[in-house]
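Below is one structure, written out as structure tokens, with a few remarks after it.
A, B, ... follow the sequence lines: proteins, then strands. Residue 1 opens every chain. As the structure is a computational prediction, the values presented were derived from the model and not from experiment.
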Amino acid sequence: MTPSGKAEHSFFDQVYQLVQQVPKGRVTTYGAIAKALGSGLSARMVGWAMNGSHSGVNPVPAHRVVNRNGQLTGKIHFGSATEMQELLENEGIAVENDTVINFRELFWDPANEL
DNA sequence: ACGTTGACTTATT
DNA sequence: AAATAAGCCAACG
């Protein structure tokens, strides 16, 4: 998968790079990413793209990507159900009941910040 | 090749 | 307010 240097223009790669640009201690949503790419209704593909994140040599902070409710819906794909929460807490993000606390403040909108 | 599933979201009932 | 329907697009069987 075209290692470092080669930037693909596929929907997946756009998602990867965008998520990688998410500041530490911040979180974003699938819908925001999808919307930033032009299709706000294709949020599912964003999650699916994350599924292929392992295909890329670059680490994709998928733990910073949550659903619109701030809920860690994708934590089940991390291998450990608590790993995603631990990662978020490690960045200073408070998580409880699989939901990001102060999600509204921590929300990083690529269409607004980028 | 067709049908189902999926880390979502919005609208409608 | 809660539940259901629909829309999106790609991958898997």
Side-chain angles (χ1 to χ4, degrees):
Chain A
M1 189 65 134
T2 62
S4 50
K6 196 81 187 279
E8 300 272 338
H9 291 94
S10 303
F11 187 87
F12 282 47
D13 293 297
Q14 292 179 53
V15 176
Y16 299 151
Q17 295 190 26
L18 197 155
V19 174
Q20 287 168 7
Q21 288 163 73
V22 175
K24 179 186 173 197
R26 294 290 186 89
V27 287
T28 188
T29 71
Y30 303 99
I33 296 168
K35 197 166 203 167
L37 294 178
S39 302
L41 302 180
S42 57
R44 280 181 168 143
M45 304 298 88
V46 178
W48 197 248
M50 290 283 115
N51 202 359
S53 63
H54 64 83
S55 299
V57 293
N58 285 339
V60 179
H63 57 273
R64 290 185 188 150
V65 184
V66 294
N67 67 351
R68 213 228 180 268
N69 213 4
Q71 190 172 20
L72 283 55
T73 50
K75 72 170 190 182
I76 46 192
H77 283 276
F78 274 78
S80 296
T82 55
E83 184 172 330
M84 186 174 185
Q85 180 173 339
E86 296 270 323
L87 287 167
L88 289 171
E89 290 180 329
N90 187 30
E91 298 194 348
I93 301 175
V95 179
E96 186 170 306
N97 196 16
D98 299 336
T99 308
V100 177
I101 308 296
N102 298 331
F103 162 70
R104 192 113 155 125
E105 299 178 13
L106 298 171
F107 176 56
W108 181 81
D109 188 350
N112 185 34
E113 305 290 338
L114 190 58

Notebook entry, point to check: Between B/dA7, C/dC9, B/dT9, which nucleotide has the shortest distance from any of its atoms to the side chain of A/Ala62?
Noted result: B/dA7
Notebook entry, point to check: What integer number of Å spans the C1' atoms of C/dA2 and B/dA7?
Noted result: 24 Å
Notebook entry, point to check: Quick one: A/His77 NE2 to B/dT5 P, roughly how many Å, whole number?
Noted result: 15 Å
Margin query: Once you apply a heavy-atom cut-off of 4.0 Å, does A/Ala34 come out as touching a base, just sugar-phosphate, or nothing?
Written below: nothing
Check: Can a salt bridge be assigned to the pair A/Arg26 and A/Glu113 using a cut-off of 4.0 Å between side-chain N and carboxylate O?
Finding: no
Next item on the list: Decide yes or no for A/Val15 and A/Val65: does some side-chain heavy atom of the first lie under 4.5 Å from some side-chain heavy atom of the second?
Entry: no
Next item on the list: Measure across A/Phe103 and A/Thr29 and return the closest heavy-atom pair with its distance rounded to 0.1 Å.
Entry: CZ-CG2, 3.4 Å
Notebook entry, point to check: Do A/Val27 and A/Trp108 have side-chain heavy atoms sitting under 4.5 Å apart?
Noted result: no
Next item on the list: Side chain of A/Arg68 only, please: which of B/dG6, C/dC9, B/dT10 is the nearest?
Entry: B/dT10
Check: Taking the side chain of A/Met45 as its heavy atoms from C-beta onward, which of C/dC9, B/dA7, B/dT10 lies nearest to it?
Finding: C/dC9
Margin query: Under 4.0 Å, counting only non-hydrogen atoms across every strand here, what does A/Asn67 touch: a base, just sugar-phosphate, or nothing?
Written below: sugar-phosphate
Check: C/dC9 P sits how many Å from A/Leu37 CG, rounded?
Finding: 12 Å
Notebook entry, point to check: If you check every side-chain atom of A/Ser53, which of B/dT10, B/dA7, C/dC9 has the closest atom?
Noted result: B/dA7
Next item on the list: Rounded to the nearest angstrom, tell me the gap between atom CH2 in A/Trp48 and atom P in B/dG6.
Entry: 8 Å
Item checked: Nearest-0.5 Å distance that lies between atom CD1 in A/Ile93 and atom NE2 in A/His63 -> 7.0 Å
Checklist line | Candidate nucleotides C/dC9, B/dA7, C/dA11, ranked by approach to the side chain of A/Phe12 - the nearest | finding: C/dA11
Note to self: Rounded to whole Å, how long is the line connecting atom CG of A/Asn69 with atom P of B/dT10?
What the structure shows: 11 Å
Note to self: Expressed as a whole number of angstroms, how long is the span from A/Tyr30:OH to B/dT10:P?
What the structure shows: 14 Å
Checklist line | Among C/dC9, B/dA7, B/dT9, the one nearest A/Phe78 by side-chain distance | finding: B/dA7
Checklist line | Rounded distance (Å) that lies between atom C1' of C/dC8 and atom CD of A/Gln14 | finding: 15 Å
Next item on the list: Give the rounded distance in Å between these two atoms: CD1 of A/Ile76 and C1' of B/dT5.
Entry: 13 Å
Check: Nearest-Å distance, CG (A/Asp13) to P (C/dA10)?
Finding: 13 Å
